[in-house]
> 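Please read through the structure below; I'll follow up with questions.
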Amino acid sequence: MALLAQDSAVPSALVALMVLRAPAWACLLCFTSYKERMRICQIFIGVQGPELEKCEEAFAAAFEGLLDTEINYDERSHLHDAFTQMTHSLQEMATARGSFKVAFPNAAEKMRKVIAQLKEVQACIPPCGLQEVARRFRCRGCYSTVCDLPLDCPVQDLTVARGHEAKFSCTVNFELPKEEITYSWKFAGGGVRTQDVSYFQDLPWARGYLARIRPVQPAHRGTFSCVIVHDQIPLARLYFFLNVTGAPPRGETELQVSFREVLRWTPGEADMIKPWRPSLGELLAKPEALTLSNQCLLAAVVALASAGTTLMVWMFFRWYFQGS
């Protein structure tokens with residue numbers, strides 16, 4: 001009871017020491033309480049006396065080497081458990097009338113070894129992204145921090161000839177969480193190269209980390225954006241500027257272009273693919289439409305019609321003469 005009573009009556013000199021020397025305690029301040037530290041010194045020295053201040057100073061000096069310690073954020077609980085075990089061990093040494101001048105440096109050295117065995121802090125990978133896997137805990141100040149990198153990644157330029165395929169891969173060079181990852185796509189048309197979100201419109205039918213346009217048309221020229229989200233928190237925004245060049249591929253006819261066209265772009269939506277089915281009059285009116293495949297199809301239709309007509313005439317005469 002006497003020990004607890006003295007906790008609330010700490011000399012003002014010791015309070016000033018705690019304020020002035022707090023940074024030197026570093027990890028010790030983060031993972032132990034003031035009451036725990038004072039109790040250890042009181043068990044070593046007694047509830048009061050000039051030696052109590054020396055115990056405090058020795059405690060601070062022993063852990064000065066851990067001032068700038070940084071650990072992997074996920075290892076906080078392990079380090080907290082290690083400090084809890086350390087305080088119990090120091091209390092046992094103090095009860096056994098050991099020397100704090102020996103106990104404190106030995107405890108600090110053991111904590112250095114514990115920290116060295118923790119999972120290493122992952123390096124920040126530029127140029128962008130909220131990299132939770134690289135989050136670290138800093139003993140100087142007892143706070144956590146992530147990489148100081150922008151959320152927006154630099155625009156990637158992609159040049160594709162008209163009629164070919166454009167592929168966008170929404171991937172980053174740092175590790176993403178394994179669950180609850182979603183991808184959302186947007187498009188800024190009109191040939192604009194931008195990262196201004198006000199220019200973009202949602203592409204609700206585009207899902208997943210991979211997007212394709214096949215075949216590419218001039219209307220697709222512009223900036224595509226992909227946002228990687230984890231648990232409703234954006235992790236990175238990627239941008240792809242698509243530049244469409246050239247005329248239709250050599251030898252490609254108007255019929256093939258129409259048939260293969262995937263998107264007739266309008267703000268916010270895409271038309272369904274509707275292949276062109278020309279009538280006989282359109283085939284005859286457009287000589288360029290009479291490709292080899294269409295000529296074969298036309299010949300097959302004529303042959304079938306001729307065979308059908310011959311069969312009908314034969315059946316008519318057979319019926320007529322049998323009736324007679």
Side-chain angles (χ1 to χ4, degrees), residues 1-124 132-147:
M1 292 300 293
L3 289 177
L4 293 177
Q6 289 295 329
D7 283 344
S8 59
V10 180
S12 58
L14 291 182
V15 176
L17 177 65
M18 289 296 298
V19 174
L20 296 176
R21 296 295 303 276
W25 296 69
C27 289
L28 192 65
L29 272 182
C30 301
F31 298 103
T32 63
S33 68
Y34 172 72
K35 181 179 289 188
E36 288 173 334
R37 297 190 297 272
M38 283 300 301
R39 183 176 179 81
I40 289 172
C41 276
Q42 288 171 346
I43 296 175
F44 270 116
I45 301 302
V47 295
Q48 57 185 354
E51 292 296 319
L52 192 60
E53 183 176 342
K54 293 182 180 180
C55 179
E56 285 281 334
E57 291 177 348
F59 216 159
F63 284 84
E64 278 184 343
L66 302 181
L67 171 61
D68 294 319
T69 298
E70 291 186 354
I71 65 170
N72 189 299
Y73 186 74
D74 294 336
E75 297 285 358
R76 290 170 301 130
S77 60
H78 294 159
L79 190 56
H80 181 272
D81 292 343
F83 269 100
T84 299
Q85 293 176 5
M86 180 202 73
T87 57
H88 292 330
S89 298
L90 288 176
Q91 289 178 6
E92 291 175 357
M93 293 180 187
T95 302
R97 301 301 179 187
S99 170
F100 67 82
K101 295 180 180 179
V102 176
F104 290 158
N106 289 341
E109 182 60 29
K110 289 180 180 179
M111 294 311 304
R112 290 190 187 94
K113 293 180 180 180
V114 170
I115 292 173
Q117 295 175 355
L118 297 177
K119 185 169 59 176
E120 294 183 359
V121 178
Q122 295 195 30
C124 298
E132 281 293 336
V133 292
R135 182 178 287 275
R136 61 200 63 200
F137 182 86
R138 291 179 174 173
C139 283
R140 183 192 288 268
C142 303
Y143 69 97
S144 68
T145 182
V146 292
C147 306

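Positions are given from 1 along the sequence.
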> Parallel, tilted or perpendicular: which one describes the rings of Phe104 and Phe59, with boundaries at 30° and 60°?
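Correct class here is parallel.
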> Let me see the working for Ile43 and Met93 under side chain to side chain contact (heavy atoms under 4.5 Å, CB included), right down to the final yes or no.
CA-CA 9 Å; Ile43 296 175; Met93 293 180 187; over 6 Å; no
> Can you tell me how far CZ of Phe63 sits from CG of Leu29, rounded to the nearest 0.5 angstrom?
11.0 Å
> Is there a side-chain contact between Asn72 and Glu120 in this structure, where contact means two heavy atoms from C-beta onward sitting under 4.5 Å apart?
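Side-chain contact under 4.5 Å: no.
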> For Arg39 and Glu36, what are the C-alpha separation, side-chain angles and deciding distance, and is it a salt bridge (Lys or Arg N to Asp or Glu O under 4.0 Å)?
CA-CA 5 Å; Arg39 183 176 179 81; Glu36 288 173 334; over 6 Å; no
> Taking all atoms of both residues into account, what is the closest heavy-atom pair of Ala58 and Phe100, and its distance?
CB-CE1, 3.6 Å
> Please report the shortest heavy-atom distance between Gly46 and Leu52, naming the atom on each side.
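Scanning both residues, the minimum pair turns out to be O-CD1, 3.9 Å.
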> Within the 4.5 Å heavy-atom criterion, are Lys110 and Met86 side-chain neighbours or not?
no
> Please check: side-chain N/O of Arg140 versus main-chain N/O of Glu70, any donor-acceptor pairing under 3.5 Å?
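Between the backbone of Glu70 and the side chain of Arg140 there is no qualifying donor-acceptor contact (under 3.5 Å).
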> Using distance only, find each side-chain donor-acceptor pair of residues 73-81 under 3.5 Å and give its atom names and separation, not counting sequence neighbours.
from  : atom 1 : to     : atom 2 : distance (Å)
Glu75 : OE1    : His78  : ND1    : 2.5
Glu75 : OE2    : Lys119 : N      : 3.1
Arg76 : NE     : Tyr73  : O      : 2.9

> I need the Phe83 CZ to Phe31 CZ distance, nearest 0.5 Å.
7.0 Å
> To the nearest 0.5 Å, what is the distance between CD on Glu92 and OG1 on Thr87?
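If I round to the nearest 0.5 Å, the distance is 10.0 Å.
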> Identify the heavy atoms of Ala123 and Arg136 that sit nearest to each other, and give their distance.
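Taking every non-hydrogen atom into account, CA-NH2, 4.3 Å.
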> Working to the nearest 0.5 Å, report the span between CD1 of Ile71 and SG of Cys139.
6.0 Å
> Can you name the closest pair of heavy atoms from Ala82 and Val114 and give their distance?
CB-CG1, 3.8 Å
> Calculate, to the nearest 0.5 Å, the distance between atoms SG and CZ belonging to Cys55 and Arg37 respectively.
12.0 Å
> Rounded at 0.5 Å granularity, tell me how far CG in Leu66 sits from CD in Glu64.
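Nearest 0.5 Å value for the CG-CD distance: 10.0 Å.
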> Which is it for Met38 and Glu56 under the side chain to side chain contact (heavy atoms under 4.5 Å, CB included) test, yes or no, and what are the steps along the way?
CA-CA 8 Å; Met38 283 300 301; Glu56 285 281 334; 2.8 Å; yes
> What pairs with Glu51 under side-chain contact (heavy atoms from CB on, under 4.5 Å), at least two apart in sequence or on another chain?
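Partners of Glu51 by the side-chain contact (heavy atoms from CB on, under 4.5 Å) criterion, ordered by chain and then number, come out as Ile45, Lys54.
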